[in-house]
Amino acid sequence: MPTTRTQVAIIGAGPSGLLLGALLARKGVDAVIIEQRSADYVLGRIRAGVLEQVTVDLLDEAGVSERLHAEGLPHDGVNLSFGAEMHRIDLKALTNKHVVVYGQTEVTRDLMDARAAAGLSTVYEAQDVAVHDFGGSQPRVTYTLNGEAHTLQCDFIAGCDGYHGVCRASVPADALQTHEKVYPFGWLGVLADVPPVAHELIYAHSERGFALCSMRSATRSRYYVQCSLDDQASRWSDDAFWAELARRLPADVAANLVTGPSIEKSIAPLRSFVAEPMRFGRLFLAGDAAHIVPPTGAKGLNLAASDVHYLFEALRELFLDHSEAGIDAYSQKALARVWKAERFSWWLTSLMHLFPEQSPFEQRMQQAELDYLVSSEHAMAALAENYVGLPY
Ligand code: APR
Ligand code: PHB
């Protein structure tokens with residue numbers, strides 16, 4: 001049974017695990033990533049695409065942002081539409097910051113390419129991954145590769161293995177508190193090689209439900225419409241999707257909608273979830289392993305990045321400065337930012353969607369809040385500072 005050793009065993013090669021690996025490598029801290037899927041499978045997942053400035057800064061620090069700066073689309077504003085009107089929130093004027101539209105798939109690809117170019121170790125298609133003894137001083141990870149059992153000894157385990165991963169599931173239930181809210185609708189998403197309907201994103205509130213106009217490039221668009229949870233993507237023809245999207249946008253915007261064949265069409269449920277704490281002895285959770293946000297605020301990847309920032313700083317302090325202060329503070333620091341992003345994502349989701357059994361009073365409250373929002377500089381600034389990302 002081959003046994004190897006590393007300083008940090010990272011479980012999961014999604015954006016969290018890859019980014020942590022990249023940052024640690026730059027400080028000479030040894031890490032091995034263990035991933036249960038293939039690299040192609042990981043790259044096949046389609047996710048959101050709005051990066052906060054702090055996320056871009058972190059990708060700069062990790063040395064993986066060259067293509068992001070060349071191909072990413074900096075956006076100084078974002079639009080809210082409701083009724084027949086569109087309202088622009090001037091992110092730049094309100095916060096002096098912007099966001100960058102660049103797909104999570106591309107971030108993941110850049111991280112993978114940099115890792116491969118640096119010759120850093122990633123084990124793909126590992127089976128039966130299990131984490132052991134993180135309550136003591138000598139944690140281990142075991143897995144099977146091509147039918148052979150492996151053991152990886154390490155100082156710390158980083159659980160970057162997503163919502164369905166093994167790390168959070170390995171923590172004794174009485175050491176973990178979980179909080180969850182499941183929303184009574186999903187998002188039907190379509191990716192298509194058509195130019196975006198507008199230069200900046202549009203979050204649309206309508207009587208027929210929420211819609212979102214996003215993009216990946218000047219020639220590729222990503223659109224979503226709120227749908228019911230028992231709906232199926234296969235029930236939607238492309239034509240039906242475009243017609244429904246158009247109905248949820250102001251008429252003058254819908255008139256500019258360029259339609260075309262979908263490349264991908266799928267339904268995602270919406271959920272808020274937090275597990276706390278995020279540290280158990282020598283096991284740390286980061287990213288989707290610890291929390292989920294509904295996609296309305298585009299915070300999923302950005303929150304994964306802020307966890308990784310705090311965890312990287314903590315591990316750097318430990319290995320380079322021999323101080324445990326950082327790892328002791330990790331959970332509390334990460335969760336403080338997580339809960340604020342959870343609040344923002346929940347608030348924007350609640351404001352923009354049509355809820356089943358929503359009373360006329362509740363509808364008027366949504367409308368009044370939207371009216372207030374776009375007429376108050378302070379309210380717009382509050383939205384803007386959360387959207388561009390709270391400081392670390
Ligand atoms: N062993 C090894 N790897 C595992 C295991 C396991 N038991 N379980 C899951 N994994 C892998 C998954 O295959 C996946 O590649 O862990 C990785 C987790 O990646 P993500 O789910 O992308 O999570 P994370 O890296 O935290 O990224 C968060 O992803 O879901 C979006 O909105 C979210 O943008 C955010 C980002
Ligand atoms: C996306 O481009 O897929 C996207 C953008 C913004 C969101 C969610 C998803 O809030």
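Note that ligands are numbered from 1 as they come in the structure, with each ligand's atoms numbered from 1 the same way.
Protein heavy atom in closest approach to atom 9 (C) of ligand 2: A48 CB, 3.5 Å. When hydrogens are left out, the protein atom nearest atom 36 (C) of ligand 1 is Q104 NE2, 3.5 Å; that is the closest non-hydrogen contact. Scanning the protein heavy atoms around atom 22 (O) of ligand 1, the nearest turns out to be R47 NH1, 3.0 Å. Among protein heavy atoms, the minimum distance from atom 9 (C) of ligand 1 is reached at D161 O, 3.1 Å. In terms of protein heavy atoms, atom 32 (O) of ligand 1 is closest to G300 CA, 3.6 Å. Annotation: atom 3 (O) of ligand 2 to nearest protein heavy atom, Y224 OH, 2.6 Å.
Residue Y203 has at least one heavy-atom neighbour below 4.0 Å for each of these atoms of ligand 2: 6 (C), 7 (C), 10 (O). For ligand 1, the atoms lying closer than 4.0 Å to a non-hydrogen atom of G14 are 15 (O), 17 (C), 19 (O), 25 (O). Atom numbering of ligand 1 starts at 1 in the shown order; those under 4.0 Å from a heavy atom of I11 are 1 (N), 2 (C). Close approach of ligand 1 to I34 (heavy-atom distance below 4.0 Å) involves ligand atoms 2 (C), 3 (N). Distances below 4.0 Å separate heavy atoms of G165 from the following atoms of ligand 1: 8 (N). Close contacts between ligand 2 and G49 involve ligand atoms 1 (C), 2 (O) [criterion: under 4.0 Å to a heavy atom]. Shown in contact with P295 at under 4.0 Å from a heavy atom are these atoms of ligand 2, numbered in order with element: 7 (C), 8 (C), 10 (O). Within ligand 2, counting atoms from 1 as listed, the ones closer than 4.0 Å to a heavy atom of L201 are 5 (C), 6 (C). Interface atoms of ligand 1 facing G287, defined by a heavy-atom separation under 4.0 Å, are 26 (O). With ligand atoms numbered from 1 in the order given, ligand 1 contributes 3 (N), 11 (C), 16 (O), 17 (C) to contacts under 4.0 Å with heavy atoms of G12. Of all atoms in ligand 2, listed by their number and element, those nearer than 4.0 Å to a heavy atom of R222 are 3 (O). The ligand atoms of ligand 2 that sit less than 4.0 angstrom from a heavy atom of T296 are 10 (O). In summary, the atoms of ligand 2 found under 4.0 Å from a heavy atom of V50, numbered by their order in the structure, are 5 (C), 6 (C). Using a 4.0 Å cut-off to heavy atoms of S214, the atoms of ligand 2 that qualify are 1 (C), 2 (O), 4 (C), 5 (C). The contact set between ligand 1 and R37, taken as ligand atoms under 4.0 Å from a residue heavy atom, comprises 13 (O). Listed by number with element, the atoms of ligand 1 under 4.0 angstrom from any heavy atom of G162 are 18 (C), 21 (O), 23 (O).
Counting heavy atoms under 4.0 Å from ligand 2, residue W187 touches it through the side chain alone. When heavy-atom distances to ligand 1 are checked against a 4.0 Å cut-off, V42 comes that close only through its side chain, counted from C-beta outward.
In this structure, a donor-acceptor pair under 3.5 Å is absent between the side chains of E207 and Q363. Under 3.5 Å, the side chains of S306 and R337 contain a donor-acceptor pair of N or O atoms. No donor-acceptor contact under 3.5 angstrom links the side chains of S38 and D40, judged on distance only. Looking only at atom types and distance, the side chain of S272 has a donor-acceptor partner in the side chain of Y183 under 3.5 Å away. Counted by atom type alone, T122 and R115 present one or more donor-acceptor pairs between their side chains at under 3.5 Å. Side-chain contact annotation: H132 with T142, donor-acceptor N/O pair under 3.5 Å present. Inspection of the S345 and E342 side chains reveals no N or O donor paired with an N or O acceptor under 3.5 Å. S359 and E357 share no donor-acceptor pair across their side chains, judged by distance under 3.5 Å alone. Between the side chains of D288 and H164, no donor N or O sits under 3.5 Å from an acceptor N or O.
Between H75 and H199, the distance separating the two ring centers is shorter than 6.0 angstrom. Ring to ring, Y392 and H309 are close: their centroids are under 6.0 angstrom apart. Taking the six-membered ring wherever Trp is involved, the centroid distance between the rings of H353 and F185 falls below 6.0 Å. Aromatic pair Y124/Y41: centroids not less than 6.0 angstrom apart.
Ligand 2 has no atom lying under 4.0 Å from any heavy atom of Y387. For the ligand labelled ligand 1, residue P15 lies inside the 4.0 Å heavy-atom shell.
For V129, no nitrogen or oxygen atom sits less than 3.5 Å from a nitrogen or oxygen atom of ligand 1, counting backbone and side chain alike.
Looking at L23, D321, L24 one by one, the single match for side chain to side chain contact (heavy atoms under 4.5 Å, CB included) with R316 turns out to be D321.
F82 and H87 have parallel rings, their planes meeting at less than 30° on a 0 to 90° scale where 60° marks the start of perpendicular. By the 30° and 60° cut-offs, the orientation of the rings of F210 relative to Y203 is tilted. Ring geometry for F284 against F156 counts as tilted: the plane angle lies between 30° and 60°, on a 0 to 90° scale.
Within the set E35, R45, Q36, the minimum heavy-atom distance to atom 6 (C) of ligand 1 is found for Q36. Of the candidates A298, G159, C160, C160 brings a heavy atom nearest to atom 18 (C) of ligand 1. The heavy atom nearest to atom 25 (O) of ligand 1, considering only A286, S16, S38, is found in S16. Checking L43, I292, V166, D288 against atom 23 (O) of ligand 1, the nearest heavy atom belongs to D288.
Transitive grouping of hydrophobic side chains (ILVMFWY, heavy atoms separated by less than 4.5 Å) brings V388 and L351 into a common cluster.
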